[in-house]
Amino acid sequence: MGRKVIITCAVTGSIYTPTMSPHLPVTGAEIAEASIDAAAAGASIIHLHARDPENGRPSASPAHFQGFIPQIHQACDAVLNISTGGSSLMSLDERLAPARSIKPEMCSLNMGSMNFGIFTLKKRYKDWQHDWEPALLDATKHTTFRNTYEDIETILTELGQGDGARFEFECYDLSHIETLAYYFRQGLVKAPLYVQFVLGVMGGVGASPENLMALKASADRLLGDNYQFSILAAGAHQMPFATLGVILGGNVRVGLEDSLTVPPGKLAQSNAEQVKNIRTIIEALGHEVATPDEVRSGLDLKGREQIKAYAS
Ligand code: KMH
Ligand code: ZN
C-alpha cells in the first residue's frame with residue numbers, strides 16, 4: 001500500500017569540512033539556498049547546523065543561524081529542525097543557544113553520550129583549506145559527544161515542555177532506544193515519537209541490515225505504536241539504507257551533513273540532488289513524499305507561525 005514518506009534533508013552539519021567538497025554549504029546564503037532547493041525537491045523537514053561564513057567551521061552562534069533561518073522561513077514552508085547536537089567540541093550551552101533563540105517546531109536530541117569518531121576521514125585529504133579542519137577531526141579521538149541524562153532532561157523540559165518543540169530522537173545504538181523508552185515511561189516524552197536510527201557513525205552501530213533490524217525490533221518492543229522511524233546512514237551507506245528504510249515502513253534522512261556523495265560514489269552536486277534521488281526511489285516503490293503540513297499534523301508540531309524565525 002502506498003503511504004506518505006517523510007524526507008528530512010540535513011544540509012551541512014558539522015562532520016564534513018570545506019576541503020572535502022566544494023558543494024558543502026558554508027555561508028548563510030549557501031545554507032539558505034541549499035535548504036530552499038531541498039524543500040522544492042521534496043524534503044519536508046530541514047535539519048540545520050550553522051557554520052562560520054569566513055572559514056566554514058561548525059558554529060552554534062545564533063547570529064550565524066540568522067544568516068539563513070529568516071530566508072528559509074520566508075521562501076518555503078518546510079519544517080525547520082534545529083540541531084542541539086552542534087558538534088562534539090561544543091558545550092551544552094553553546095549547542096542549545098540556536099534552539100533557545102529560534103524556538104523551532106523540531107530539534108534533534110541525541111540519546112546518549114558516545115565516542116563520535118571522524119578522525120579516520122583525515123587520511124583521505126592532503127591540502128587543507130583551513131587549519132581547523134584536520135584539528136577538528138583529530139580532536140574526536142580524545143573527546144566524548146556528551147549527552148548525559150541531565151543534558152537530555154534539560155533539552156526535554158526547556159525546549160520540549162517549555163517551548164513546545166518536538167524531537168528528532170537520534171539513536172545510534174540499542175541503549176539509546178532504552179533511554180528514550182525510559183523517558184516515555186516517565187511521561188517526559190509523548191507520542192508520536194520521531195526516532196532517527198543512525199547507522200555508520202564510528203562510535204555507534206555500523207551500517208548493516210542486521211543492526212537496523214535490531215534497532216527496529218527494540219523500538220517496536222519498547223515503544224510499540226507510539227513511534228515512527230526514519231533512517232540516516234553515514235557516507236556511502238546513505239542511499240542504500242534510506243531505501244531499506246522505506247521498504248521497512250520508515251522515513252528517510254539525506255543531505256550533505258551525513259554523506260557528500262551520490263551513488264556510485266560521485267560527489268553530490270547539491271543537497272537537492274540527494275533528495276531527488278531518494279524521492280525517485282520512494283515513488284518507484286509506490287509511495288508519495290509527505291508535505292510539510294502532513295508532517296505537522298502527523299508529528300503534532302506546534303506550527304510554523306509559532307517559531308521565532310526573525311531576531312528581534
Ligand atoms: N550528523 C548526524 C550523524 C545532531 O545534529 O544533533 C547526527 C546529528 C546530530 O545530526
Ligand atoms: Zn545534525
Side-chain angles (χ1 to χ4, degrees), residues 7-17 20 24-25 31 34-35 38 43 45-51 58-60 64-65 68 79-92 94-100 102 104 106-118 120-121 136-137 140 143-148 151-152 154-156 159-160 165-173 176 179-180 194-207 211-212 215 229-238 241-242 245 251-260 271 274:
I7 302 178
T8 296
C9 186
V11 296
T12 191
S14 60
I15 295 174
Y16 296 115
T17 72
M20 300 175 187
L24 187 70
I31 293 172
S35 302
I45 303 177
I46 307 291
H47 170 102
L48 288 156
H49 295 240
R51 291 180 184 267
S59 162
H64 291 152
F65 275 80
F68 51 82
V79 173
L80 303 186
N81 167 349
I82 305 297
S83 172
T84 65
S87 97
S88 42
L89 306 189
M90 297 171 186
S91 71
L92 186 68
E94 286 172 316
R95 285 161 47 180
L96 299 193
R100 280 176 170 149
I102 298 164
M106 285 188 91
C107 301
S108 61
L109 176 45
N110 296 271
M111 293 310 292
S113 298
M114 59 188 285
N115 291 333
F116 199 117
I118 53 175
T120 58
L121 290 171
L136 178 131
L137 303 180
T140 65
T143 48
T144 304
F145 184 32
R146 188 189 125 153
N147 299 287
T148 64
D151 296 342
I152 292 170
T154 297
I155 295 172
L156 288 175
L159 301 176
R166 292 186 61 82
F167 297 99
E168 176 195 12
F169 293 103
E170 312 243 10
C171 295
Y172 306 70
D173 214 326
H176 297 176
T179 300
L180 176 57
Y194 197 64
V195 178
Q196 191 70 255
F197 295 142
V198 182
L199 296 105
V201 167
M202 193 175 175
V205 294
N211 283 340
L212 174 56
L215 290 167
F229 70 94
S230 173
I231 292 184
L232 165 188
H237 298 294
Q238 181 183 67
F241 278 79
N251 303 288
V252 298
R253 173 167 138 175
V254 294
L256 271 57
E257 169 165 346
D258 306 320
S259 171
L260 293 175
N271 279 274
Q274 292 180 341

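In each ligand, atom 1 is the first atom listed, and ligand 1 is the first ligand listed.
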Which of the ligand 1 atoms, numbered from 1, are nearer than 4.0 Å to a heavy atom of Glu257: 1 (N), 2 (C), 5 (O), 7 (C), 8 (C), 10 (O)
Location of contacts on Ile15 toward ligand 1, heavy atoms closer than 4.0 Å: side chain
Residue Asn110 vicinity, atoms of ligand 1 by number, heavy atom under 4.0 Å: 4 (C), 6 (O), 9 (C)
Closest to atom 4 (C) of ligand 1 (judged by heavy-atom distance), picking from Gly204, Gly13, Ala234, Ser83: Ser83
Close approach of His49 to ligand 1, heavy atoms, under 4.0 angstrom: yes
Pairing residues for Thr12 by the side chain to side chain donor-acceptor pair (under 3.5 Å) criterion, not counting sequence neighbours: Arg51
Per-atom contacts, ligand 1 versus Arg253 - under 4.0 Å to a heavy atom: 1 (N), 2 (C), 8 (C), 10 (O)
Any donor-acceptor N/O pair, Ser108 side chain to Thr84 backbone, under 3.5 Å: yes
Val201-ligand 1 polar pair, N/O distance under 3.5 Å: no
Ligand-residue contact atoms, ligand 1 with Tyr172, heavy atoms, under 4.0 Å: 7 (C), 8 (C), 9 (C)
Around the Zn ion (ligand 2), number of protein N/O/S atoms which are nearer than 2.8 Å: 3
Partner set under salt bridge (charged side-chain N to carboxylate O under 4.0 Å, His left out) for Asp173, not counting sequence neighbours: none
Test side chain to side chain donor-acceptor pair (under 3.5 Å) applied to Glu168 and Asn81, Thr8, Asn110, the passing residue: Asn81
Test item: Ile15 and Phe116 side chains (from C-beta on) under 4.5 Å apart, heavy atoms: yes
Arg166 side-chain N/O to Met106 backbone N/O, donor-acceptor pair under 3.5 Å: no
Close approach of His47 to ligand 1, heavy atoms, under 4.0 angstrom: yes
Qualifying residues under side-chain contact (heavy atoms from CB on, under 4.5 Å), relative to Ala10, sequence neighbours excluded: His47, Arg253, Glu257, Asp258
From CA spacing to verdict: side-chain hydrogen bond (donor to acceptor under 3.5 Å, both in side chains), Asp151, Thr148: CA-CA 5 Å; Asp151 296 342; Thr148 64; 3.2 Å; yes
Derivation and outcome, side-chain contact (heavy atoms from CB on, under 4.5 Å), residues Leu215 and Val205: CA-CA 9 Å; Leu215 290 167; Val205 294; 4.0 Å; yes
Ile118 CD1 to Leu137 CG distance, which is reported to the nearest 0.5 Å: 5.0 Å
